[in-house]
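See below for the structure under consideration.
Only this structure's heavy atoms are used, side chains among them; waters, hydrogens and symmetry mates stay out.
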Amino acid sequence: MKLTYNFIHMDSSAALIEFASERLNRMDKFELKPLEVRFSFSMRKHQKMCDILIAGSRNRFQASSSGEDIYAVVEDALEKLEHQLQRRK
């Protein structure tokens with residue numbers, strides 16, 4: 001699995017990368033074998049945004065969220081992905 005982290009108009013943060021990776025590990029229960037996972041963190045005005053793309057051999061899941069706290073934004077986007085995966089299962 002290839003993990004990619006993009007930071008646009010933000011400084012990269014090892015703590016944020018660690019947080020996102022730990023939360024992504026919760027998706028193991030869906031037995032998804034993704035080829036690529038992309039996290040894009042960006043900032044517009046005072047809104048922090050997170051876009052997540054999970055691409056597998058046959059499936060593609062995408063979720064995005066925005067808000068004031070980047071950690072809450074990542075958590076919200078991952079919850080949206082989890083909901084998509086539950087519908088697929």
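Atom OG of Ser57 is separated from atom CG of Leu35 by 6.0 Å, given to the nearest 0.5 angstrom. For the atom pair OG of Ser13 and CD of Glu18, the computed distance is 10.5 Å after rounding to the nearest 0.5 Å. Taking CE from Met49 and NE2 from His9, the interatomic distance works out to 11.0 Å, rounded to the nearest 0.5 Å. The SG atom of Cys50 sits 11.0 Å away from the CG atom of Asn6 when rounded to the nearest 0.5 Å. Note: Leu81 CG to Arg26 CZ = 10.5 Å, rounded to the nearest 0.5 Å. Note that the CZ atom of Arg44 and the CD1 atom of Ile8 stand 9.0 Å from one another [nearest 0.5 Å].
Leu24 has its side chain within reach of Leu3: a pair of non-hydrogen atoms, C-beta onward, lies under 4.5 Å apart. A 4.5 Å side-chain heavy-atom check between Ile54 and Arg60 finds every atom pair outside the cut-off.
Nearest heavy atoms, Asp51 versus Ser64: OD1-CB, 2.7 Å. The shortest heavy-atom contact between Glu82 and Met27 is N-CE, 3.8 Å. Counting all heavy atoms, side chain and backbone alike, Ala63 lies closest to Gln84 at CB-NE2, 4.3 Å. The minimum heavy-atom distance between Ala77 and Ile52, with the atom names listed, is CB-CD1, 3.7 Å. Closest of all the heavy-atom pairs between Ser66 and Val73 is C-CG2, 3.6 Å.
Leu53 and Val37 fall into different hydrophobic clusters, where Ile, Leu, Val, Met, Phe, Trp and Tyr are joined by side-chain heavy atoms under 4.5 Å apart, directly or via other members. A continuous path of hydrophobic side-chain contacts links Phe19 to Ile17 [ILVMFWY only; heavy atoms under 4.5 Å].
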Report task. Check step by step if side-chain contact (heavy atoms from CB on, under 4.5 Å) holds for Phe39 and Thr4. Result -> CA-CA 6 Å; Phe39 285 89; Thr4 307; over 6 Å; no

Requested in this report: Go through Tyr71 and Leu16 one step at a time and tell me if the side-chain contact (heavy atoms from CB on, under 4.5 Å) criterion holds.
Outcome: CA-CA 7 Å; Tyr71 294 99; Leu16 183 57; 3.8 Å; yes

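No donor-acceptor pair closer than 3.5 Å links the side chain of Lys48 to the backbone N or O of Ser42.
Salt bridge annotation for Glu36-Arg38: present, with a cationic side-chain nitrogen under 4.0 angstrom from a carboxylate oxygen. Salt bridge status for Glu75 with Arg23: present, with a side-chain N to carboxylate O gap under 4.0 Å.
By the 6.0 Å contact criterion, CG on Asp11 is open, its count of non-hydrogen atoms from other residues, nucleotides or ligands being 12 or less.
Between Phe41 and Tyr5, the angle of the ring planes stays under 30°, which puts this pair in the parallel group of the 30/60° scheme.
Inspection of the Asp76 and Ser65 side chains reveals an N or O donor paired with an N or O acceptor under 3.5 Å.
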